[in-house]
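Okay, so here's the structure we're looking at.
Labels below follow one simple rule: chain letters A, B, ... track the order of the sequence lines, proteins then strands, and each chain is numbered from 1.
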Amino acid sequence: MSEALLQQTQVSRVVERFGEFKQRFPTPAAMVKAGERSVLQAWRGMGYYRRARSLYAAACVITRIHSGRVPRTVVELLTLPGVGRYTAGAVASIAFEQHEPIVDGNVARVLSRLADRRASVHDRLGQAWCWNQATHLVMQAKNAGRMNEGLMELGATVCTPHQPKCSECPLRAKCKSFANQSQDRVPPPKPGLKKTAVVFHALVQIKNGRVGLQQRPTGLWKGLLAPPVIESAKRLPLKVIQHRADPVKVKLEIASFEFLTTHRRVRFVVYEAMFPSTTPMEWIRLKDLGDQAVSSATIQVVDAARGQHRCQADKLQTK
DNA sequence: AATTCGTGGGC
DNA sequence: TGCCCAAGAAT
């Protein structure tokens, strides 16, 4: 469970949340009983929500196929949803003390600098090289889990991407990048992904202290509760919104704002609207919104709508 | 192989 | 401010 939370997420952020997960989902069977929605709710604000759905699915497999016990071999672990090469190796080596290697972003950087390997770690060749190196190291380690954790910890705290603290590094004398002073160029950064602008026209309806949300069936925030949304490349005029949402009766634009994700620029235009229930609409008490399976973005959208409601602004734009 | 998936922190 | 990055996996 901790490794699922840690995928592409800094340790300090997981530390804040892990206690709640341990309490709510002490065993795979307990997670199955709690249900997927409960896992998504606990996951709110953590991003990459596929991990939450995969974790729940893995709990189901473990409960049904493995009698409630987490499998201890890499081969078996790899069959679990959401468990790839890294996670399988981490669980097998750290939890079950098997001599299995791991390569994450930290390990790839540490290994590249030790050898002063200038080529990319992001392609197939680079990954193969990293896994070979990691395999070699873990084979000679007394404790494979400690070796793996040590490599990651070194990368996270000392051998950082920018301005590594080489003066504090216990491997300084063995590091070829330090000898050549190439730390800042090794490994080369991953080529940036181009961002595409997407406008989310959120149709927010609030009545009797409740907001209408539905579970997103696909794409961004899949599985989470969010207002009905009309997506487009550019911002749509109110008339077009009305047409596309037909028989939606769009009444009033109340706010718009934008925020960034790694992969796209998301602009929300928030409308108060009447709309049909295509996928089931769930009416969530505003005061209970924080206890639902929602993204941070949904919280922001609803907050924006509520704020404008309070001051009764008509066609007011906020940044 | 290249994309798609969030969010918050650091510089 | 804008960009990079993070204990990656699935498609």
Side-chain angles (χ1 to χ4, degrees), chain A residues 1-18 40 43-55 57-58 77-95 100-111 120-128 130-131 134 145-157 159-164 184 187-198 200 216-224 226 231 258-266 268 293-300 319:
Chain A
M1 185 163 72
S2 69
E3 289 299 341
L5 284 157
L6 284 162
Q7 288 166 5
Q8 291 289 285
T9 305
Q10 292 177 340
V11 175
S12 57
R13 296 198 58 219
V14 174
V15 166
E16 302 170 354
R17 310 285 296 266
F18 192 56
L40 280 167
W43 206 279
R44 75 194 130 89
M46 297 282 295
Y48 286 152
Y49 299 94
R50 179 200 299 273
R51 298 180 296 166
R53 291 180 273 114
S54 295
L55 178 60
L77 287 163
L78 281 173
T79 68
L80 299 175
V83 177
R85 201 171 175 186
Y86 161 79
T87 302
V91 173
S93 66
I94 298 171
E100 295 288 353
I102 60 173
V103 175
D104 71 334
N106 291 311
V107 175
R109 184 170 56 254
V110 170
L111 295 175
S120 173
V121 296
H122 299 106
D123 54 24
R124 175 169 294 173
L125 182 64
Q127 283 294 303
C130 289
W131 280 96
R146 294 303 176 99
M147 166 65 79
N148 288 335
E149 286 188 285
L151 285 171
M152 289 190 289
E153 185 72 5
L154 189 68
T157 62
C159 196
T160 51
H162 303 295
Q163 293 183 296
D184 289 338
K190 188 174 185 177
L193 299 172
K194 46 187 175 185
K195 294 179 181 176
T196 58
V198 177
F200 277 36
R216 285 179 63 77
T218 182
L220 201 63
W221 304 307
K222 177 180 174 182
L224 297 186
E231 302 182 33
E258 68 180 52
F259 67 96
L260 303 179
T261 78
T262 303
H263 311 289
R264 66 188 82 199
R265 218 172 274 271
V266 180
F268 274 99
V294 297
S295 66
S296 302
T298 292
I299 299 280
Q300 290 183 50
K319 175 79 179 206

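- Within the 4.0 angstrom heavy-atom criterion, no nucleotide atom of any strand lies near A:S2.
- The shortest distance between the side-chain N/O atoms of A:R13 and the OP1/OP2 oxygens of B:dG6 is not below 4.0 Å.
- Checked by atom type and distance alone, the side chain of A:T9 pairs as donor or acceptor with a backbone atom of A:Q7 at under 3.5 Å.
- Aromatic ring centres of A:F200 and A:W221 lie closer together than 6.0 Å.
- The nearest pair of heavy atoms linking A:D184 to A:P164 is OD1-CD, 4.2 Å.
- Between A:R216 and A:E231, at least one side-chain nitrogen of the basic residue sits less than 4.0 Å from a carboxylate oxygen of the acidic one, meeting the salt-bridge criterion.
- Close to C:dA6, at under 4.0 Å from its OP1 or OP2, lies no side-chain N or O of A:Q10.
- If you check every strand for non-hydrogen atoms under 4.0 Å, A:S54 touches nothing.
- The side chain of A:R124 places an N or O atom within less than 4.0 Å of a non-bridging phosphate oxygen (OP1 or OP2) of B:dA1.
- The residue A:G155 sits apart from the nucleic acid: no heavy atom pair falls under 4.0 Å.
- Across all strands shown, A:R109 has heavy atoms under 4.0 Å from sugar-phosphate atoms exclusively, and none from any base.
- Nucleic acid contact class of A:V107 (heavy atoms, under 4.0 Å, all strands): none.
- For C:dG8, the OP1/OP2 oxygens have no side-chain nitrogen or oxygen of A:T9 closer than 4.0 Å.
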